[in-house]
Amino acid sequence: MIDILLMILTGIGVALFGFVLQTSIAGVNRKVVARVQKRYGPKWYQEFLDIFKLLSKRSVTHGWIFDFGVIMALGGIIGTAMFMPLTSSFMAFDGYDNFFIFVYLIAVGMLGMAMSASGSGNPLASIGVMRALTTMLAYEVPFMIVVLTIIKITGTSSLSEIGLFQQVAGNSWFFIALPIGGIVAVMALMGMLGKKPFETYIAPAEIASGPMVEYGGKQLGMLFIMHEITVFIEVSLFVHLFLGGAENIVLFIVKYFVVYTALNIISSVYGRFKIDQVVLFFYKWPLIMAITQAFIAIYLGWVI
Amino acid sequence: MLSTKFSPMSKEEVDRKWWEIGDFFRRNSLWMLMYCTGCCAIELPPAMTSAYDMERLGMGPMATPRQADVLLVTGYLSLKTLRRLIYTYEQMSEPKYIVGFGSCTINGGIYHDSHAVINQLNKYIPVDVFVAGCMPNTEAVMNGFVDLMDLIKNKKANGWKDYHERYEWYLANQKAALGEVRVHDEFHE
Amino acid sequence: MTVELLILVALASGILAYFVGRLNKVLGAVVTIVASMFIFIMIGYMMQDINAGTTFNYNAVEYMPDFVTFMVTYLGLFFAILVTFIFAMVSFFNPFFVEKYKYPALYSMLYLFSLAGVLGVFLTDNFMVLFFFFEFIVWSGLFLIPLGKNNKAAISYYAFSTAGSFALLYAIFIMFAQTGSYNLHLGLATVSGTTEGTYVLALLAFAAFAKLGAFPLNVWLPRALGKAPDAITAVFSGGLEKLGAFVAVLALVKLAPIGDIAGTLGGLTEATFLFASQYIVATLGAMTIVFGTLMAIRQDDAKKLLAYSSMSNGGYILVALSLGGTLGLSGGLYHIVAHALASAAAFLAIGAVSRVTGTTKMSELGGMIHKMPVTYMVYLIAIISMAGIPPMGGFISKWLIFQAVIDNGLILIAVAVFFGSIGSFLYVFRPLAALFLGQELPQHRDKAKEAPFFMLLPMLILSGLIVFTGVMPNIFLDFINDVIAELGGTGLLLGDYTITGVNGVLQPTLIASVFGVGVLIAFIIFILLKKSKKVGLMDTYTAGNFIYTEELMHYSLDFYAPLERLYEKHINITKDFYKKLENKVVDFGRMIKYFFFTNKPEITVFWIIVLIGFLLWGEL
Amino acid sequence: MSAILLIAVPLLAAFISILFKKYAHYILVFVSFASVFALGYMDLGTITVGGFNAPFGIVLILDDYSLIALYIVNTLFFLVAILNCNEFKKVGSIMLVALAGLNGLLLTGDLFNLFVFLEVAGIAAYLITTTNKKPLASFNYLIQGTVGSSLYLLGLILLYAMFGTLNMADMASSIANSGYGAGVTAFPFLLMFIGFGVEAKLLPFNSWTKGILANSNRLTGPMIASVYAAAIGFVFGRLLTNVFVIEDTFLIIVTIILIFSVVAGEAMAYASTKVREILLYSSVAQAALVVVVFMSGFTGWAVYLIIGNAAAKLVLFLITNTATKQLGNDDVETFKGLFVNNKVIGLAFTAVTLSVIGLPMFLGFVTKMNILENMFVSGDYIWPAIILITSVVEGIYFIRLLLNLWYKENDLPEVKFEFVLKYVVVIIAVLIMVFGVYTEPVQDSADNLVAYSYIEGGNL
C-alpha cells in the first residue's frame with residue numbers, strides 16, 4: 001500500500017516536473033522566437049506569470065459541464081504525465097510506460113477540453129474543436145505507423161525499453177535508424193503541438209482561438225497548465241522514441257530542449273494551413289513516407 | 001522587542017496579501033483585447049513588433065474578451081460601436097482595465113461635433129489610462145501601458161470596481177447616448 | 001434450466017406479451033422485461049454449471065426431429081450471456097416507447113421472439129437449428145424495424161440478412177454433403193483445410209459480413225439502425241449484430257485459414273506471413289473500419305452515426321478475429337463485449353433523448369445536457385469506451401487488437417485501424433457537441449426532462465459495466481480465456497491485475513486509479529481557486545454582435561464540413577453499387593416482360609419454334 | 001368406390017346443371033364437396049375403363065400420389081367454388097366440367113387420355129377466364145393453350161408411331177427396353193414438354209398468364225393460379241418422373257428454360273408494382289421450381305412444394321382480388337395500409353407469404369430446406385445456388401409488399417372481407433404454420449412418397 005502511494009506521489013512529482021520544465025522551456029522559447037523576429041522577448045518565466053495571473057482572475061462559467069470538462073482535461077493529462085519516464089530508468093510506475101497509454105490517456109484530456117469548450121455554447125469553440133479533432137485525425141496516423149515500426153523492431157511498446165534499446169551499443173537512435181520515419185515524426189509532432197503550419201485549430205484571428213474562445217481566468221489557467229503538460233508528454237514521447245531516451249535527467253532536459261526549440265524555430269517561419277490542407281498534407285507525403293519506412297524496416301529489414 | 005509569537009493574519013489581511021501577489025502577476029502579464037475602431041490602432045503594430053516589442057512587458061494580443069485583461073479602445077467610437085464595446089467590456093473577466101487611445105476618447109477630438117460619435121469615453125465605461133495625442137506616437141502608447149502597470153501596482157487601476165459601484169450612473173449615460181433600447185441586434189429591431 | 005425450455009419460455013412469454021399487450025400496451029412491454037430478465041438470469045446460472053467443467057450436449061425433447069440438439073459451449077455461452085444481457089437491459093425501455101408504435105403488442109412479441117432466436121443460435125451444436133433460429137431472428141427483426149416507420153430500412157435489412165443467411169445455408173449444406181450430419185463441430189472440423197473448406201470459409205465469411213454490416217455488405221446497417229425503433233436499435237447494435245461476430249468466429253477461428261503465402265513466397269527476412277484468407281478478411285475488415293468511420297463522420301442523424309460506428313467496430317472485430325492468435329482472438333472477443341455494452345448504452349441514451357424531443361437529428365437538437373445530465377453522462381462514458389480511451393473497456397480491446405496488428409506487421413491494416421481509432425473521436429464527439437452540448441434550443445427547452453428512473457437504471461448499469469470492463473477486465477478475460485481454450489488457442493497471460501500482451505504489460509486498474517488521482521488534483525486546484533461567475537449560454541463571445549437566436553449560436557450542421565468535402569464524392573460507392581444492382585434486376589425484369597409478355601400469341605409460337613430449332617440443330 | 005366416379009359425376013352434373021340453370025351453383029358446391037368427401041372411400045388401384053386391359057385400354061390410376069393430388073385439387077376447388085358460387089352463378093356448369101377435366105388429368109394413366117382431359121380442362125379454363133371481361137386475354141389464352149395441346153398431341157403421335165403404346169407405364173418401359181438413345185425421343189418429348197410448359201407457365205410459353213392473372217377476379221385468380229397450377233404441376237410431375245427421358249441436348253434446353261423461368265420470373269416480379277402482377281410472376285418462378293424438383297427426383301418434396309404454393313396462391317389471390325374489386329385497381333400504392341384495419345386477413349396473408357419465401361416456422365421453410373438438402377446430397381451444387389439467390393430476390397419483393405400493406409399512417413383503404421373468406425384463409429394459414437413447426441408427418445410422408453413404380457404390361 002505504502003509503495004503504491006509512493007509511486008503515485010512520484011508520479012505527481014513527474015507531472016509537476018514536466019509542468020515546470022515545459023513552462024520554463026516555453027518561456028525561453030518565446031525569447032528564442034522573439035530573437036528570430038528581431039525582438040527582445042519576454043522574461044523566461046513569463047509563462048508562469050501568465051498562468052498564475054489567469055488563476056488569480058475571476059472567471060465566468062457556462063454551466064457545470066464547462067467546469068467539469070476542464071477538470072477532466074487537466075486530470076487526464078496529469079494522469080498521463082504520471083506514467084511518463086523521465087530517464088530510461090526512472091519513472092513512477094516501472095514497466096507500465098506503455099506507448100498506447102500515452103496516446104489514449106492523453107485523449108481523455110483532449111475529450112474533456114473539447115467537451116468543456118462545446119459546453120460553452122460558443123460556435124467558434126465547436127469549430128475549433130472540430131478543427132482540432134480533424135488535425136488529430138491527420139497527424140496521428142502517420143505517427144502511429146512510424147511508432148508501429150519501432151515497436152515491431154524492438155518488440156516492446158514500453159517507452160523506457162525502447163529508449164534502452166537505442167542505447168545499446170550498435171543500435172543508433174531511431175531518428176537516424178529510421179530517417180524517413182524520423183522526418184514524419186517531426187512533422188507529426190508539430191501537428192500534435194499545434195505549431196504552425198498546423199495551428200489551424202487555434203487560429204486566433206480567424207476563429208478567435210478556437211476551443212479556448214470562452215475561457216478566461218482559472219479555467220483558462222488550468223487549460224494552460226494542461227497544455228504545458230501535454231507538450232511535455234508529446235515532446236518526451238519523441239525523445240524516448242526517436243532520440244534514444246535519456247541515460248540521465250540532464251541529457252533528457254537537453255534533448256527535450258533541443259527538440260522543442262527546433263520545432264519552434266521551424267514553426268516560426270511558417271504561415272498557417274487551411275484545415276483541409278492539413279489533412280491532405282498529412283495523408284499525402286507523411287503517410288506515404290511512413291508506410292514506406294515501415295515497409296523497408298519491417299519487411300526488408302533495412303534499419304541503419 | 002519583537003514578538004516571536006505567531007499572530008494569525010485576519011481574513012482581510014490574507015485577502016490583501018493574495019491580492020498583492022495577484023497584482024504582481026496581473027501587471028506583468030497584461031493581455032490585450034484590441035478594439036480597433038479608430039486610427040490609433042495603427043500605433044499597435046509597431047508597439048507589438050520588433051520596434052518596441054511590448055512582449056518585453058509581458059503584454060500580448062488576445063482573441064476574445066474572456067481571455068483579455070485590458071481593453072484598448074483605439075480612437076473614436078460611434079454609437080453603434082459603443083453598444084458593442086460595452087457588451088465586450090462586460091464580457092471580460094475581472095479584474096479588467098481599459099486604455100483609451102487618442103483625443104477622440106478623451107473629448108471627441110476632431111469628431112467632437114459629430115452626431116454619431118461619443119465624445120467622452122469614460123462617461124460610459126471606466127477608463128483607467130488615457131493616452132493623449134491625435135494620434136499618440138508609439139512611445140506614448142508604450143508609456144501608457146507602463147502607467148497602467150504602475151496604477152495596478154499602486155492599486156489605483158480600479159475602474160472595474162468603479163463600474164460596479166457607480167453602475168447606475170454609467171447606465172444612465174449609456175442610455176442617454178444610445179436611447180432607451182440600450183442594446184439591440186440589427187437583425188431583430 | 002435446459003436450453004429448449006428457455007427457448008420455449010421465450011416464445012411462450014412472447015405470445016403472452018402479445019395478448020397482454022392487446023389488453024394493455026404498457027403491460028405487454030412489462031412482460032418483455034420480466035421474461036428477458038428471467039432468461040438472462042437463467043443463462044447466468046448456466047455459466048455456473050459450465051464452470052464446473054461440463055460442456056453439455058443433449059437431444060431436445062423427443063417429438064422434435066432428431067437433429068434438434070442443443071449444446072452449451074463456452075463460446076455459445078459467451079455470446080448468449082452478452083446478448084441476453086443487452087436484451088434484458090434494453091427491455092426496460094420498452095414500456096416507455098411501446099405506445100408510440102403502430103403495433104405495440106406485436107412489438108413485445110417479436111422482441112421476445114428475437115430473444116428466443118438468439119438463444120437458439122448460440123446454444124446449439126447443430127447447423128440446421130442454428131440456421132432455423134438465424135432466419136427466425138431475421139423475420140422477427142423484419143417486422144420490428146418498420147415500427148420505426150420506415151419500410152425501406154426493413155427491406156434492405158431483409159435483403160442483406162437473407163443473403164447472409166443463405167450463404168450460411170449453402171455452407172451448411174456443403175458440410176452436410178461431406179459429413180452427412182448437421183453437427184456444427186464435426187462439419188467444421190471435417191472441411192477445415194480442404195477444398196470445400198475454402199468455399200465454406202468464403203460463405204461463412206460472407207454471412208458474417210452481412211450480419212455485421214461489414215464492407216461491402218454495409219448498406220443495410222445504417223438504414224436499419226437509423227430507422228428502427230430506438231430500443232430495437234440498441235438491441236441490434238449491441239446484440240443481434242453479434243450474430244455476425246459469432247459466425248465470424250466459426251469461419252475464421254474454427255476453420256483453418258487458406259492460402260499459405262509464407263510457403264509460396266518465403267525469402268523475405270524477419271517477416272511473418274499470414275494466410276491469404278486472413279489477409280483478405282483483414283483487408284475487408286480494415287475497409288469496413290475506414291468506410292464506417294468516414295460515413296459516421298458525415299451523418300446528421302445521431303442514430304445513423306452510431307450505426308456507422310457499429311459498422312466500423314464490426315470491422316475491428318473482423319480484423320482481430322482474422323488475425324487470430326492469442327491477442328487477436330482475445331482482442332476480438334473482448335471488443336465484442338466492449339462494443340456491445342458501449343453501443344447499447346449510447347443508443348439508449350440517444351433513445352432517451354428522442355423520447356422527449358421526438359427527433360434524433362443533431363441539427364435539430366442542442367443543449368440537452370442541461371435537462372438530461374444523467375443521460376449525458378451515460379452517453380459520455382459509452383463514447384469514451386467506443387473511442388477506446390482508458391479507463392473504459394474499449395481501450396483494453398483496442399490495445400489487444402493494436403498489438404495483434406503490430407505483431408503481424410500489417411502496415412496497411414494498421415493504417416486503417418489507427419485511422420478508425422482516431423476517427424472514432426471525431427464521430428462520437430459530434431452527438432456530444434451538437435446534441436448534448438452547445439446552445440439549449442428553445443423548442444426543446446420546455447419539453448425536455450430527465451428520463452424516468454426505470455430508463456436510467458439500465459443505462460446506469462451499462463455505464464457501470466463499461467467502466468468495470470475497463471478497470472477490472474481480468475474477470476472477463478478469464479472467461480474469454482476459457483472460450484479461447486475451447487477454440488483450441490492459448491489464452492492471455494493474466495496476472496492479478498495485469499494483462500501481458502506481446503509487447504508490454506497493461507494494468508488497467510492502475511491506469512484508472514492514476515486517472516482518478518489526476519482528476520482529484522485537478523479538482524482540488526479548481527475548488528481552491530476563486531469561484532466563477534455563472535453566465536448564460538447566450539452570453540458568449542460574438543465579436544460584439546448581439547444575437548438572440550440560439551440556432552445561430554449552435555454549430556451542429558455539417559460539423560466536419562471541411563473534412564467531408566475531401567471525400568464526399570467518393571463515399572457512396574457501395575450504396576450506388578447496390579442501387580445499380582437493383583436497377584439492373586428491375587431492368588432485366590422489365591426487359592423480359594417487354595419481350596415475352598405481350599398480347600401477341602405469335603411471339604410465344606416464335607419462341608417455341610426457336611426452341612425446337614435449337615434441339616434439331618445439326619440434325620436438319 | 002370407383003375413382004371413375006370422380007370424373008363421371010361432375011360431368012354428369014354439368015349436363016344436369018344446364019337443365020337447372022338457376023341451381024347450377026348449388027350443384028357445383030354439392031358435387032365438389034361430394035368429390036372431396038368421396039375421396040375418403042376410394043380404393044387404391046388401377047381401374048380399367050372400357051374392358052380393354054392395359055396397355056391397350058384406358059386406365060385410371062389411383063395411387064398415393066394421385067390420391068394426394070386429388071385431395072389437394074378437389075379441396076382447393078371446393079374452396080374456390082364455395083367462395084364464388086354466389087357471385088359467378090353463370091359459370092357453374094363450366095366449373096363442373098373443369099372439375100371433371102382436372103380429376104381426369106390427375107387420374108389418367110394414358111397419354112392420349114391425358115390430352116383429352118387437358119383439352120377438357122383447358123376449354124373449361126378458357127371459358128372461366130371470360131369472367132375477367134378481357135376477351136383479348138382469354139383469346140390469347142385460348143390460342144396458346146391450343147397450340148400447347150396440339151404440340152403435346154404431335155409429340156404423342158410421334159411417340160405412338162415409335163413405340164406403339166399410349167399407356168404411360170408401358171411407354172416408359174418400352175422406351176427403357178427399346179435401346180434408343182435419348183436423342184431419338186428428345187424431339188417428341190420436347191414437344192410434349194412445351195405443350196405442358198404452356199399450361200404450367202414455364203417462361204417462353206406463358207405470355208397468356210399476364211393477361212389472365214393480372215386481370216383476374218376472385219374466381220379466375222385462385223382457379224388458374226392455384227387449382228389449375230396444382231393440377232398441372234402434379235401431372236407434369238408424373239410425366240417428368242415416369243415417362244420423360246431427359247438427357248443431352250434436351251436436358252440443356254430444359255435446364256435453360258427452367259433457369260430462365262426462375263430467374264426471369266423473380267426479376268419480373270421484382271420489377272412489378274401491381275400486386276397481382278407480383279403474385280403471377282412469382283408463380284411463374286415457383287412453377288419452374290416445381291419442375292426442377294420433379295426433375296431432380298424429389299417427388300415427395302415437389303408435392304409439398306405444389307401444396308404449399310397452391311394453398312398460398314389461393315389465399316393471396318383471394319385476398320388480392322377481393323381487395324382489388326373494392327379498391328378499383330391493384331397498385332401497391334393503392335393497397336398501402338390494407339391490413340391495418342384487417343388484421344386477421346393480414347396475418348393470414350403474411351403467414352402465407354412468409355411460407356412462400358421460406359422463412360422458418362412455416363411449411364415453405366421445411367420444404368425448401370429439404371429440397372436443398374436432397375439436392376446437395378445428390379451432388380447438385382448449381383441449382384441450390386440459383387434457388388437461394390432467387391429466393392433473396394423473391395424475399396425482397398414479397399417483404400416490400402408485406403411492409404407496404406402493413407405500415408401506413410393515415411388515409412387507409414377501406415376493404416371489407418366476408419366471414420367465409422376470413423375463415424378459409426385463416427385455416428389455410430394456420431395449417432401452413434402448424435406443419436411448419438410440427439414437421440414430423442411432413443417429413444415422413446415426403447420421404448415415403450415416391451412416384452409409382454412400373455409394373456410390366458402397363459398396370460401400375
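First the proteins, then the strands, lettered A, B, ... as listed; each starts at 1.
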**Request:** On the 0 to 90° scale, with breaks at 30° and 60°, tag the F402(C)-F418(C) ring pair as parallel, tilted or perpendicular.
**Result:** perpendicular
**Asked** Do you know which of V103(A), I225(A), V279(A), I145(A) has the most heavy-atom pairs under 4.5 Å to chain C?
**Response** I145(A)
**Request:** Pick one of side chain, backbone, both or neither for V517(C), based on which atoms fall under 4.5 Å of a heavy atom in chain A.
**Result:** side chain
**Item:** Donor-acceptor under 3.5 Å (S118(A) side chain, M115(A) main chain)
**Value:** no
**Asked** Contact part of F68(A) toward chain C, heavy-atom cut-off under 4.5 Å: side chain, backbone, both or neither?
**Response** side chain
**Complete:** chain A shares the most heavy-atom pairs under 4.5 Å, among V519(C), T540(C), L426(C), with T540(C)
**Item:** Option in G76(A), A114(A), P142(A) with maximal non-hydrogen atom pairs under 4.5 Å from chain C
**Value:** A114(A)
**Asked** What residue, out of G79(A), S120(A), S126(A), A81(A), has the most heavy-atom pairs lying under 4.5 Å from chain C?
**Response** S126(A)
**Request:** Describe, in one word, how the ring planes of F83(A) and F93(A) are oriented to each other, choosing from parallel (under 30°), tilted (30 to 60°) and perpendicular (over 60°).
**Result:** tilted
**Asked** Hey, does the side chain of K218(A) reach the backbone of R58(A) with a donor-acceptor pair shorter than 3.5 angstrom?
**Response** no
**Request:** Heavy atoms only, distances under 4.5 angstrom: which of V514(C), T293(C), I369(C), I383(C) has the most pairs with chain A? Name it, please.
**Result:** V514(C)
**Fill in**
When the 4.5 angstrom heavy-atom criterion is applied to M82(A) and chain C, the contacting part is side chain
**Message:** Can you tell me which portion of P391(C) sits under 4.5 Å from chain A's heavy atoms? Options are side chain, backbone, both or neither.
**Reply:** neither
**Prompt:** Given the side-chain rings of F273(A) and F281(A), with only the six-membered ring counted for Trp, is the space between their centroids under 6.0 Å?
**Reply:** yes
**Request:** Select one option (side chain, backbone, both, neither) describing which atoms of L432(C) are under 4.5 Å from chain A's heavy atoms.
**Result:** side chain
**Message:** Tell me which of these, I297(C), I521(C), V405(C), has more heavy-atom pairs under 4.5 Å with chain A than the rest.
**Reply:** I521(C)
**Asked** With no hydrogens and no angle check, is any side-chain donor or acceptor of D276(A) less than 3.5 Å from a backbone partner on L563(C)?
**Response** no
**Complete:** Under 4.5 Å to a heavy atom of chain A? For M377(C) that would be side chain
**Asked** Is it the backbone or the side chain of L520(C) that comes under 4.5 Å from a heavy atom of chain A, or both, or neither?
**Response** neither
**Interatomic spacing from CD in Q219(A) to CE in M113(A) - rounded to 0.5 Å** = 12.5 Å
**Item:** Residue among M226(A), E140(A), M72(A), M222(A) with most heavy-atom pairs under 4.5 Å to chain C
**Value:** M222(A)
**Asked** Is there a donor-acceptor pair under 3.5 Å between the side chain of Q507(C) and the backbone N or O of Y96(A)?
**Response** no
**Asked** Would you find more than 12 non-hydrogen atoms of other residues, nucleotides or ligands less than 6.0 Å from K534(C) atom NZ?
**Response** yes
**Complete:** Whatever's closer than 4.5 Å to a heavy atom in chain A on F436(C) counts as neither
**Fill in**
One option among F425(C), F515(C), Y376(C), F429(C) has the most heavy-atom pairs under 4.5 Å with chain A, and it is F429(C)
**Item:** Toward chain A, the part of F395(C) with a non-hydrogen atom under 4.5 Å
**Value:** side chain
**Message:** Looking only at the side chains, is there a donor atom on one of S158(A) and T156(A) sitting less than 3.5 Å from an acceptor on the other?
**Reply:** no
**Message:** Looking only at heavy atoms and a cut-off of under 4.5 Å, which of V278(A), V70(A), L111(A) has the most pairs with chain C?
**Reply:** L111(A)
**Request:** Under 4.5 Å heavy-atom distance to chain A, tell me which part of L412(C) shows up: side chain, backbone, both or neither.
**Result:** side chain
**Complete:** So CG of L294(C) and CD1 of I289(C): to nearest 0.5 Å the spacing works out to 11.5 Å
**Request:** For the pair H335(C) (side chain) and I396(C) (backbone), establish whether a donor and an acceptor sit closer than 3.5 Å, ignoring hydrogens and angles.
**Result:** no
**Prompt:** For L566(C), is it the side chain, the backbone, both or neither that has a heavy atom under 4.5 Å from a heavy atom of chain A?
**Reply:** side chain
**Message:** If we count only N and O atoms by modelled type, under 3.5 Å, do the side chains of E450(C) and T375(C) hold a donor and an acceptor together?
**Reply:** yes
**Item:** Engaged part of I12(A) at the chain C interface, taking heavy atoms whose separation is under 4.5 Å
**Value:** side chain
**Message:** Keeping S385(C) on the side-chain end and I381(C) on the backbone end, is there a donor-acceptor pair under 3.5 Å?
**Reply:** no
**Item:** Region of F523(C) that comes under 4.5 Å of a non-hydrogen atom in chain A
**Value:** both
**Asked** Which bit of R565(C) comes within less than 4.5 Å of chain A, counting heavy atoms only: side chain, backbone, both or neither?
**Response** side chain
**Request:** Could you tell me which portion of I106(A) (side chain, backbone, both or neither) has an atom closer than 4.5 angstrom to a non-hydrogen atom of chain C?
**Result:** neither
**Complete:** If one checks every heavy atom of S56(A) against chain C at 4.5 Å, the contacting part turns out to be backbone
**Message:** Let's test your reading of the structure: which of V213(A), I65(A), I151(A), I275(A) forms the most heavy-atom pairs below 4.5 Å with chain C?
**Reply:** I65(A)
**Residue among G516(C), G367(C), A387(C), S421(C) with most heavy-atom pairs under 4.5 Å to chain A** = S421(C)
**Prompt:** Parallel, tilted or perpendicular: which describes the rings of Y555(C) and F559(C), with under 30° parallel and over 60° perpendicular?
**Reply:** tilted
**Asked** Do S116(A) and Y215(A) have side-chain N/O donor and acceptor atoms under 3.5 Å apart?
**Response** yes
**Item:** Mutual orientation of the aromatic rings belonging to F198(A) and F282(A) [parallel < 30°, tilted 30-60°, perpendicular > 60°]
**Value:** tilted
**Prompt:** With only heavy atoms counted, which part of A434(C) is less than 4.5 Å from chain A, the side chain, the backbone, both or neither?
**Reply:** neither
**Fill in**
Note: vs chain A, highest number of non-hydrogen pairs under 4.5 angstrom among L510(C), L506(C), I384(C) is L510(C)
